[in-house]
There are 2 protein chains.
Amino acid sequence: MSSTDDRPTPSLEDYLEAIAVLKKRDGKATVTALSKSVGVKKPSVGWALRKLSDAGLVIHERYGDVELTPDGARLADEVCRRHKALFDFLTDILMVDSAVAEHDACAMEHALSRESIHRLEKFISLVMQCYPGRPDWAAVFNRYVDEGQDARVIEGVLDRES
Amino acid sequence: MSSTDDRPTPSLEDYLEAIAVLKKRDGKATVTALSKSVGVKKPSVGWALRKLSDAGLVIHERYGDVELTPDGARLADEVCRRHKALFDFLTDILMVDSAVAEHDACAMEHALSRESIHRLEKFISLVMQCYPGRPDWAAVFNRYVDEGQDARVIEGVLDRES
DNA sequence: CCCGTTTGTTAGAGACGTCTAACAAAGATA
DNA sequence: TATCTTTGTTAGACGTCTCTAACAAACGGG
């Protein structure tokens, strides 16, 4: 029954993700950059940083840059992974327009349980590696998911079943 | 760029969906039933009904049952469709546990653009009808989406490309 | 027909997340 | 160093959505 775990609110996850992205892209995350990136005014960033700070997810001293704590970094990575999986699925598999996919991924990334995200990632990589599916897709995919096998093993399975 | 259109808030969409489901299941939607179904207290339902009523989506006279206006019914149907597509994808294709899928679908159903939902529905029906994919899945799927062809046509495409 | 139960509503409070307006600190430029 | 600009913070308001407590209408059995 533990599907969504305990996460920061969607809003706070957005800030967390933006901090991670900015740090990777620019080397640092400032209030102004966050404000632009998240699409809110600066006082809202201040509010969020206070919240994240209280939750032990960021370090932010007055007028300083924003740093992620280890917990914050871990959570930010998770959000980014969810975002990427959804975006990849939408663009690579459903072939949705990339701006729309970005938008949808942003909105959905807060709602995916660990179980679903895991299976979605597996699904994407399976489809990517192994376009030409064959009869018992369900069995193949299930095996892939359960055992985390790579493409070669799948190929064996497919051969066996085709 | 019109991807998400203008929708009621996620919260109001939940109420709208619940009304539609209850009307289908029980023949009517009462405040108490909505309260249980949505998982909020009755005054919250009252608040939502006021909002939906102001938006012209439901009719609700004091102490009476809730009725959907045509606009409300249309929107409710859209939400249900998004819910179903996500749920079907999670269960039938990703094979996520159905309780988890239900939970995730509920949470994501507010975030899918028309474009994505359309392609997702097509994808599901394609996979369902035509499990054994073949080489150029992308081309096949694109054609299917663009032209809304049924399984027989797809089979032709597949034959041509295998 | 009266009374208890169920159902629905009103009033008011409170968390979340945003905004504007005004101010304070830092940094650049002369 | 005095000032201008950029950046960040504070204070306070607002809209959404929820809750609890208290009350009012409707309903059903005696």
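Chain identifiers are assigned alphabetically (A, B, ...) following the order of the sequence lines, protein sequences preceding nucleic acid strands; residue numbering begins at 1 within each chain.
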Inset, instruction - Identify which nucleotide among C:dT18, C:dA21, C:dA11 has an atom closest to any side-chain atom of B:Pro43, counting heavy atoms from C-beta outward. - result: C:dA11

Legend entry - Contact check, side chains of A:Glu115 and B:Leu94, non-hydrogen atoms, under 4.5 Å: no

Inset, instruction - For the side chain of A:Tyr63, starting at C-beta, report the closest nucleotide among D:dT16, D:dC19, D:dT9. - result: D:dT9

Legend entry - Closest to the A:Thr32 side chain, choosing from D:dT18, D:dG8, C:dC16: D:dG8

Legend entry - Whole-Å gap separating P (C:dA11) and NZ (B:Lys42): 18 Å

Inset, instruction - Kindly point out which of C:dG17, D:dT9, C:dC16 is positioned nearest to the side chain of A:His60? - result: D:dT9

Legend entry - Short side-chain to backbone donor-acceptor contact, A:Arg119 and B:Met95, under 3.5 Å: yes

Legend entry - B:Arg74 with B:Asp77: basic N within carboxylate O range, under 4.0 Å: no

Legend entry - Gap between atoms CG and P, on B:Leu34 and D:dC17 respectively (whole Å): 16 Å

Inset, instruction - Would you mind classifying the nucleic acid contact of B:Ser11 as base, sugar-phosphate or nothing, using non-hydrogen atoms under 4.0 angstrom? - result: sugar-phosphate

Inset, instruction - From the options D:dC19, D:dG8, D:dC17, select the nucleotide whose nearest atom is closest to the side chain of B:Trp47. - result: D:dC17

Inset, instruction - Send over the distance from A:Asp54 CG to C:dG17 P, rounded to a whole Å. - result: 13 Å

Inset, instruction - Determine yes or no for a side-chain-to-main-chain donor-acceptor pair under 3.5 angstrom, with B:Ser35 supplying the side chain and B:Val40 the backbone. - result: yes

Inset, instruction - Check every atom of C:dT10, C:dT20, D:dA24 against the side chain of B:Arg62 and return the nucleotide holding the closest atom. - result: C:dT10

